[in-house]
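I have placed the structure first, in the form of structure tokens, so that the comments after it can refer back to it.
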Amino acid sequence: MTYIDILKSKSECNIVVLTGAGISAESGIKTFRDGNGLWENHKVEDVATPEGFAANPSLVYKFYNERRAQLLSGEVHPNPAHIALAELEKALKSNIWIVTQNVDNLHERAGNQNVIHMHGELASAKCAVTNQAQNWVAELNASDRCHCCSPGTPLRPNIVWFGEIPYNMEKIETLLFDADLFVSIGTSGNVYPAAGFVSFANQCNAYTLELNLEPSNGQTQFAESRQGPASELIPEFVSNCLKYL
């Protein structure tokens, strides 16, 4: 059995798609960590933990300002994988959701609306007291203040750091519980809780499909695994969905 058999057997199919760094790499966004465990030449604990922010906030602000500037520079665009998923949402409407580990806005720029950013967003900042988020496309620094407190309190990058709980976990679990098809795209299977979604989806009797440049650490948990560039695999997947659903 393949995912195409699942599509053929369903008159209506609920699809949950998990996306990771691999889907955005072809748009020029650097992947999370290199082989030495560094995040763009920084130790992860220095720029992606609450402790790192407390110890050196100027470094953390600078790090995310640079990443935000790259994202919004006009040089980074949605690639065919993003565009294909947006086409699928137009057809399936509320029957497909994108759960992304990525903090870029490429899914939205491609046209997707049903997107959950479980690790936060680069083009956003949040109040360090209330955690309320607001859109933010300029540089962010220690002098910037939130709009939710009076007087305003400092803002921090709206990024889920190591040791923090990802966003919207209840919503994600509900979507997985109701899914007929769970598709994991461009993720290594190293980072939890996202790495555990395939196990939960299997328990909920969803068909599980991995589309990745190379096999992930959790490949054996998927009913089906296909390897190749996201810009090739995802348009093919979407074409089959549109053909059979």
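When atom types are taken as modelled, the side chain of Asp144 and the backbone of Asn141 share a donor-acceptor pair closer than 3.5 angstrom. Using modelled atom types, one side-chain atom of Asn56 and one backbone atom of Leu59 make a donor-acceptor pair closer than 3.5 Å. A distance-only check finds no donor-acceptor pair linking the side chain of Asp178 to the backbone of Leu175 [under 3.5 Å]. In terms of modelled atom types and a separation under 3.5 Å, the side chain of Arg109 and the main chain of Asn112 share no donor-acceptor contact. Listed for the Glu164 side chain is a donor-acceptor partner under 3.5 Å among the backbone atoms of Trp161. Put simply, the side chain of Ser239 never gets that close to the backbone of Glu236: no donor and acceptor are under 3.5 Å apart. Of the possible donor and acceptor atoms, none in the side chain of Asn95 sits under 3.5 Å from a partner among the backbone N and O of Asn14. A distance-only check finds a donor-acceptor pair linking the side chain of Thr208 to the backbone of Ala223 [under 3.5 Å].
Hydrophobic clustering keeps Ile185 apart from Leu176 (ILVMFWY residues linked when any side-chain heavy atoms are closer than 4.5 Å, directly or through intermediates). No chain of hydrophobic side-chain contacts below 4.5 Å, direct or via other Ile, Leu, Val, Met, Phe, Trp or Tyr residues, connects Val16 to Leu92. Hydrophobic clustering keeps Val191 apart from Leu211 (ILVMFWY residues linked when any side-chain heavy atoms are closer than 4.5 Å, directly or through intermediates). Neither Val160 nor Val60 shares a network with the other; the hydrophobic side chains, linked directly or stepwise wherever heavy atoms of I, L, V, M, F, W or Y lie under 4.5 Å apart, form separate groups for each. Transitive grouping of hydrophobic side chains (ILVMFWY, heavy atoms separated by less than 4.5 Å) brings Ile4 and Val17 into a common cluster.
Applying the side-chain hydrogen bond (donor to acceptor under 3.5 Å, both in side chains) test to Arg226 and every residue at least two apart in sequence or in another chain returns Glu224. Residues satisfying the salt bridge (Lys or Arg N to Asp or Glu O under 4.0 Å) test with Asp180, not counting sequence neighbours, are Lys10. Residues satisfying the side-chain contact (heavy atoms from CB on, under 4.5 Å) test with Asn212, not counting sequence neighbours, are Glu210, Ser216.
Counting heavy-atom neighbours within 6.0 Å of Glu173 CD, excluding the residue itself, gives a total above 12.
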(request) Test Thr19 against Ile98 for side-chain contact (heavy atoms from CB on, under 4.5 Å), laying out the working first. (result) CA-CA 7 Å; Thr19 63; Ile98 309 294; 4.1 Å; yes
(request) Output, in order, the C-alpha distance, side-chain angles, deciding distance and verdict of side-chain contact (heavy atoms from CB on, under 4.5 Å) for Ser188 and Glu214. (result) CA-CA 9 Å; Ser188 65; Glu214 56 189 29; over 6 Å; no
(message) Could you walk me through whether Asn79 and Ser231 satisfy the side-chain hydrogen bond (donor to acceptor under 3.5 Å, both in side chains) test, starting with their C-alpha distance in whole Å, then the side-chain angles of each, then the deciding distance to 0.1 Å, before giving a yes or no?
(response) CA-CA 7 Å; Asn79 64 55; Ser231 60; 5.9 Å; no
(message) Is there a side-chain contact (heavy atoms from CB on, under 4.5 Å) between Leu85 and Ile23? Walk through the geometry before answering.
(response) CA-CA 11 Å; Leu85 288 175; Ile23 197 172; 3.8 Å; yes
(message) Before you tell me yes or no, could you show the steps for Met1 and Ile6 under side-chain contact (heavy atoms from CB on, under 4.5 Å), namely the whole-Å CA-CA distance, both residues' side-chain angles and the distance that decides it to 0.1 Å?
(response) CA-CA 8 Å; Met1 177 180 287; Ile6 300 299; 3.5 Å; yes
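In this structure, CG in Leu155 is found 10.5 Å from CD in Gln132, a value given to the nearest 0.5 Å. Distance check: Leu245 CG to Leu7 CG gives 5.0 Å after rounding to the nearest 0.5 Å. The line from OH of Tyr244 to OG of Ser9 is 12.5 Å long, rounded to the nearest 0.5 Å. Considering CG of Asn168 and OG1 of Thr174, their distance stands at 10.5 Å, rounded to 0.5 Å. We find the OG-CG distance between Ser184 and Leu18 to be 4.5 Å, quoted to the nearest 0.5 Å. The structure places CZ of Arg68 at 11.5 Å from CG of Asn105, a figure rounded to the nearest 0.5 Å.
Residues Ser225 and Gln227 bring a donor and an acceptor atom of their side chains to less than 3.5 Å of each other. Residues Tyr3 and Asn240 bring a donor and an acceptor atom of their side chains to less than 3.5 Å of each other.
When all heavy atoms of Ala230 and Gly22 are compared, the closest pair comes out as CB-O, 4.3 Å. Pairing each heavy atom of Pro193 with each of Met169, the nearest pair is CG-CE, 3.7 Å. Taking all atoms of both residues into account, the shortest heavy-atom contact from Ala206 to Leu181 is CB-N, 4.3 Å. Closest approach of Val76 to Ser27, counting heavy atoms only: CG1-O, 3.6 Å. Across Cys241 and Ile15, no two heavy atoms sit closer than the pair SG-CD1, 4.3 Å. For the residue pair Ile83 and Pro78, the shortest heavy atom distance occurs at CD1-O, 4.2 Å.
Between Tyr64 and Leu140, every side-chain heavy-atom pair lies at or beyond the 4.5 Å cut-off. With contacts defined as side-chain heavy-atom distances shorter than 4.5 Å, the pair Phe222/Leu209 does not qualify.
Aromatic ring pairs are classed by plane angle as parallel below 30°, tilted from 30° to 60° and perpendicular above 60°; the pair Phe53 and Tyr61 is perpendicular.
Legend: ring pair (Phe, Tyr, Trp, His ring centres under 6.0 Å) pairs involving residues 169-199, not counting sequence neighbours: none detected. Residues in residues 121-147 take part in no ring pair (Phe, Tyr, Trp, His ring centres under 6.0 Å) pair, two or more places apart or across chains.
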Contacts under 3.5 angstrom, residues 113-126 side chains, donor-acceptor by atom type, not counting sequence neighbours:
{"from": "Asn114", "atom 1": "ND2", "to": "Lys93", "atom 2": "O", "distance (Å)": "3.0"}
{"from": "Asn114", "atom 1": "ND2", "to": "Ile96", "atom 2": "O", "distance (Å)": "3.1"}
{"from": "His117", "atom 1": "ND1", "to": "Asn102", "atom 2": "O", "distance (Å)": "3.0"}
{"from": "His117", "atom 1": "NE2", "to": "Glu108", "atom 2": "OE1", "distance (Å)": "3.4"}
{"from": "His117", "atom 1": "NE2", "to": "Glu108", "atom 2": "OE2", "distance (Å)": "2.6"}
{"from": "His119", "atom 1": "ND1", "to": "Gln101", "atom 2": "O", "distance (Å)": "3.3"}
{"from": "Ser124", "atom 1": "OG", "to": "Gln134", "atom 2": "O", "distance (Å)": "3.2"}
{"from": "Ser124", "atom 1": "OG", "to": "Asn158", "atom 2": "ND2", "distance (Å)": "2.9"}
{"from": "Lys126", "atom 1": "NZ", "to": "Tyr167", "atom 2": "OH", "distance (Å)": "3.1"}

